[in-house]
2 protein chains.
Amino acid sequence: MTKGRARGARRRPSQTDIARMAGVSQTTVSLILSGNKSGIALAESTRRRVLEAAEELGYAPDLVATRMAAARNDILGLYTFTATFPTDIGHSYYPSLVGVEEAAAAQGQDVLLFTGSVGRAVPSRPGHVLRRVRVADGCLFLGRHIPEEELEILLDEDYPFVHIGRRDELGGRIPYIGADYVVASAQLVQRLVALGHSEIRYVRERDDAPASTDREAGVLRGATAAGLSTSDLVVRADGAEITAARVRGWIDGGVSAVITEETDTGAVFTALTRALDELGVRCPEELSLAILGAPPASGWRGREIGGFTVPRREMGSAAVRLLVDLVNDTGTEPHQQLLACRPVEGDTIAELRG
Amino acid sequence: MTKGRARGARRRPSQTDIARMAGVSQTTVSLILSGNKSGIALAESTRRRVLEAAEELGYAPDLVATRMAAARNDILGLYTFTATFPTDIGHSYYPSLVGVEEAAAAQGQDVLLFTGSVGRAVPSRPGHVLRRVRVADGCLFLGRHIPEEELEILLDEDYPFVHIGRRDELGGRIPYIGADYVVASAQLVQRLVALGHSEIRYVRERDDAPASTDREAGVLRGATAAGLSTSDLVVRADGAEITAARVRGWIDGGVSAVITEETDTGAVFTALTRALDELGVRCPEELSLAILGAPPASGWRGREIGGFTVPRREMGSAAVRLLVDLVNDTGTEPHQQLLACRPVEGDTIAELRG
DNA sequence: CTGAAAGCGCTTACAG
DNA sequence: CTGAAAGCGCTTACAG
C-alpha cells in the first residue's frame, strides 16, 4: 500500500483531485494539463473547467510520477574518475563542469553529480558505476582512466554516455569529445624549433592515458617534421625521478627547452619546476619551459607558462549536446570529436641566443 | 500502455527480471535488494540467488520508481536563484558547491544540480521550483532572493530543504546555514576605529537581501559601540551612482575609510574601485578600503582587500549535514545556524595618520 | 520464509 | 469528445 509520507504533511493535489472537482476523468485532466500533444479534440468548456479547478487547488504536477510514466527524467549524470576530490579551484574538473552546466541549462537538462565516486581513481566495488549512473537518462564520464568492463556493459545496453576526453578503449566504440592534443603538441614543438631550439626534452608521466599518448605523438610528429632527432626527446618519469641533478645534466648537455604535460596530479610539472628553483635556473633566459595543457593552479614564479590551453569548457558543452543527441537518438554529429586547443604565448619561452 | 524506450535500446533489467531469473517473486527481490530493513527472515540461499541474478543482469534500481514508491534516493538537490550563470570561477557559487560536494560524498549522497533554474533571478513560471525539486530527497537553495510562495508550499508540505545563507522570510521558518555578518561587520568597523578612522562610509547595494541587511546592522552596531555618529555612515547606491566626483567629495570631506560589500554582481565594489582608479587615489595611504565578503575574482590592483571572508565551503557542508538530518528526521541540531566569518587583514587598510 | 496485490501519480493506447 | 484500464518500477502491509 501507500507508504505514507515520512512526516505529517498535507497531501498535494493530484490530477485525480482535479478530475473530481471538475467532474471529468483523470485521463481527461492529464490530456488537458499536458498540453494535449496528441491533438485530440477537447471541448473548450471542459478545458476551462479543468484549468480552473487546477488553479483553484494550486495544482503542480508531480515530476517523479511524470518522469516515471514518460520514462525520461531530463537528468544527465556526470561521473568523474578522478584521483582526488576536485576541490582545487584550478582542477580541470571545474571548467568542464561549467561547460556541462551551461549546455545542460540550454537543453533543459539537470545535472546529477555522482559525488560518491570521488576519492578513488576507479570505483572500488564492481558494478558501482552501473548501479548509480543509470538513474540518469544518460551520463558523462571524465577521468584519466576508466573502468573498461563497466563501460562495456553500458555500451552493450545502448545506455547513452559520452566521455569528456578522447578514449580509444573498447575497440574505439566510446563516444567522446576530446582535445586535439596531437596537433597542438606538434605545433608547440615547431614553435620552439622556429625559435632556434633543437635540444629539447619532453618530460611526461610514466602512466599511460590517451591524453599522454596523444601529446607524445604530437611532440614526436612536430620534432620529425622539423627534422629533429627524436632519440632522446621523450623522457618518461614520475615526480621523484626528476631531480635537480638530472635537469642540470640536460642543461649542461645543451638542452635549451623542456616541455612537460598537465596531469590531474600535476606531479611532473611540480617536480620539474622545483628542480629549476633548486638550481636557480632563469627562465626563459637559460631554459625555455612549456606545458602541454594547464599548469597547476598554484602556478610557478607568477609566470604564465607557454604552451596551449585545453578547451575544457567547450568540451563539456559539446559533450552535453552530443549526449542529448544520443539520448534522443536524433544526432547527426559524429560520436567522436576532437576540439582544437588554443596556443598560449606565455613568458617562459624565448628565442635561443648564442 | 507502455511508451517504449525512445531508442531500440535493450531494456534495463528490473526487479521483475531478477525475480524471473532467480525463480522468486518480485516482492522478495525488492526485500533483499533494499537491504531488508523490515528485518524479515530470508533464506540465505534465496538471498544469494537474487544477488547473483542482480549482479548478472547488471541491475540498477530505477531512481524515479524508487522515489515514487516512497523510499528515498540519496539524492540531494541544489537549486540556485542566481542572476547570472555561476561561470565566474570567483563566483560565490563555487566554494559553496565544493562544500556541498564534500559533505554529500561523505554522507553517501549524490548532488542534483538544477541547472535549468539558472539565468533568471527568480523562476519565471510559478511552480517551477516545485516542479523540479521534488525528485530529490531534499534540496538546498542558494541565492540573494527567493520565491517565497514556492518555498512556502514546500514548507507546508514538509519537503525538507535548507537555504545556504540566512533567510528571515516566511515567518522565520526557513531552515538555513548562514554567515554571521552582523558580528563580522561590527568587528571590522571597530578595527577601523581602532586604527584611528572616524569618518567612514559604508557603501551598500540598494537592493535588499538578508546578507545586506545583516551587514548594515553590523556596521551600525560597530559604529555605535565605538561612539561614532551613524548619520552619514550608510550609503545606499547602485553602481552608476558611485561616481568619481562623489568619492572625491567624501575624501575632501574628511572620509578616511570606505567599506563596501560583496554581492553576486560585484557592482558596488567595481564602481567604487573604478572611481578610485579614476581619481588616482592611493590606497591605503589616502583612503582605507574594506569589503564585507570577498571581492570579485578579478581583484583590484593585485591587492588583498581587507575585511573578512565568508565560510562558504563550510556553509555548504553544514547545509548538507542539516539537510540529511531533516530528510531522516533525525536531527538534533538547530535548523538555523550562523557560522563565523574569518577576518582578513589585507593590505588596503592602514592606520590613519594625522 | 515467500508471494499476491495495492498503490504512488502520471501517460498513453484503446474503446466507446 | 471522454473514460476505463494498463503500465512505468518500485515499496509495503497483508496473507499465506
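Just so it is clear: chains get the letters A, B, ... in the order the sequence lines come, proteins before strands, and each one is counted from 1. Computed from a predicted model, the values in this text were never measured in an experiment.
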- Choose from D/dG3, D/dA13, C/dC10 the nucleotide whose nearest atom is closest to any side-chain atom of A/Q15. C/dC10
- Message: Categorize B/V64 for me: base, sugar-phosphate, or nothing, with a 4.0 angstrom heavy-atom threshold over every strand shown.
- Response: nothing
- Atom pair distance, as rounded to whole Å: CD1 in A/I32 and C1' in D/dT2: 10 Å
- Task: Please test B/R49 against B/E52 for salt bridge (charged side-chain N to carboxylate O under 4.0 Å, His left out), starting from the C-alpha separation and ending with a verdict.
- Result: CA-CA 5 Å; B/R49 249 183 313 140; B/E52 273 163 15; over 6 Å; no
- List the steps and the verdict of side chain to side chain contact (heavy atoms under 4.5 Å, CB included) for A/L113 and B/L112. CA-CA 6 Å; A/L113 303 179; B/L112 180 53; over 6 Å; no
- Length of the line joining A/I18:CD1 and C/dT11:P, which is rounded to integer Å: 11 Å
- Message: Ignoring hydrogens, what is the shortest heavy-atom contact between A/G138 and A/L323? Give both atom names and the distance.
- Response: C-CD2, 3.8 Å
- Tell me what B/T46 touches on the nucleic acid: a base, only sugar-phosphate, or nothing, going by heavy atoms under 4.0 Å. sugar-phosphate
- Message: Looking at every heavy atom in both A/V64 and B/V64, which two are closest together, and how far apart are they?
- Response: O-CG1, 3.1 Å
- Of the candidates D/dG9, C/dG9, C/dA13, the side chain of A/S14 sits closest to C/dG9
- Note on the structure: To the nearest angstrom, the CZ-P distance between B/R20 and D/dG9 comes to 11 Å
- Query: Counting side-chain heavy atoms from CB outward, which of D/dG3, D/dC10, D/dC8 is closest to B/D62?
  - Reply: D/dC10
- Task: Please state whether the rings of A/F141 and A/F81 are parallel, tilted or perpendicular, taking 30° and 60° as the class boundaries.
- Result: parallel
- Message: Under 4.0 Å, heavy atoms only, any strand: does B/T27 hit a base, just the sugar-phosphate, or nothing?
- Response: base
- In whole Å, what is the span from the CZ atom of B/R49 to the C1' atom of C/dT2? 11 Å
- Message: Of the options C/dG3, C/dA13, D/dC10, whose atoms approach the side-chain atoms of B/V24 most closely?
- Response: C/dG3
- Message: Measure CG/A/D17 against P/C/dC8 and give the value in whole Å, please.
- Response: 11 Å
- Message: Need the pair for C/dA13. Rule: Watson-Crick or G-U wobble, both distances under 3.5 Å, any strand; none if unpaired.
- Response: none
- Note on the structure: Out of C/dC8, D/dC10, C/dT12, minimum distance to the side chain of B/M68 belongs to C/dC8
- Between the side-chain atoms of A/S25 and the base atoms of D/dA4, is any donor-acceptor pair under 3.5 Å? no
- Message: Quick test of your reading of the model: are B/R67 and B/D137 salt-bridged, counting only N-O distances below 4.0 Å?
- Response: yes
- Message: If I take atom CG in residue A/L31 and atom C1' in nucleotide C/dA15, what distance separates them, rounded to the nearest angstrom?
- Response: 15 Å
- Query: Can you tell me how far P of D/dT11 sits from CD of B/Q26, to the nearest Å?
  - Reply: 8 Å
- Query: So which nucleotide from C/dC10, C/dC8, D/dG3 ends up closest to the side chain of B/A69?
  - Reply: C/dC8
- Task: Look at the side chain of A/S30 and decide which nucleotide, out of D/dT11, C/dT12, D/dG9, has an atom nearest to it.
- Result: C/dT12
- Counting just side-chain N and O atoms, does B/T28 come under 4.0 Å of either OP1 or OP2 of C/dG3? yes
- Message: Counting only side-chain heavy atoms from C-beta out, which of C/dC10, D/dC10, D/dG3 sits nearest to B/Y59?
- Response: D/dC10
- Whole Å only: how far is the CZ atom of A/R67 from the P atom of C/dT11? 13 Å
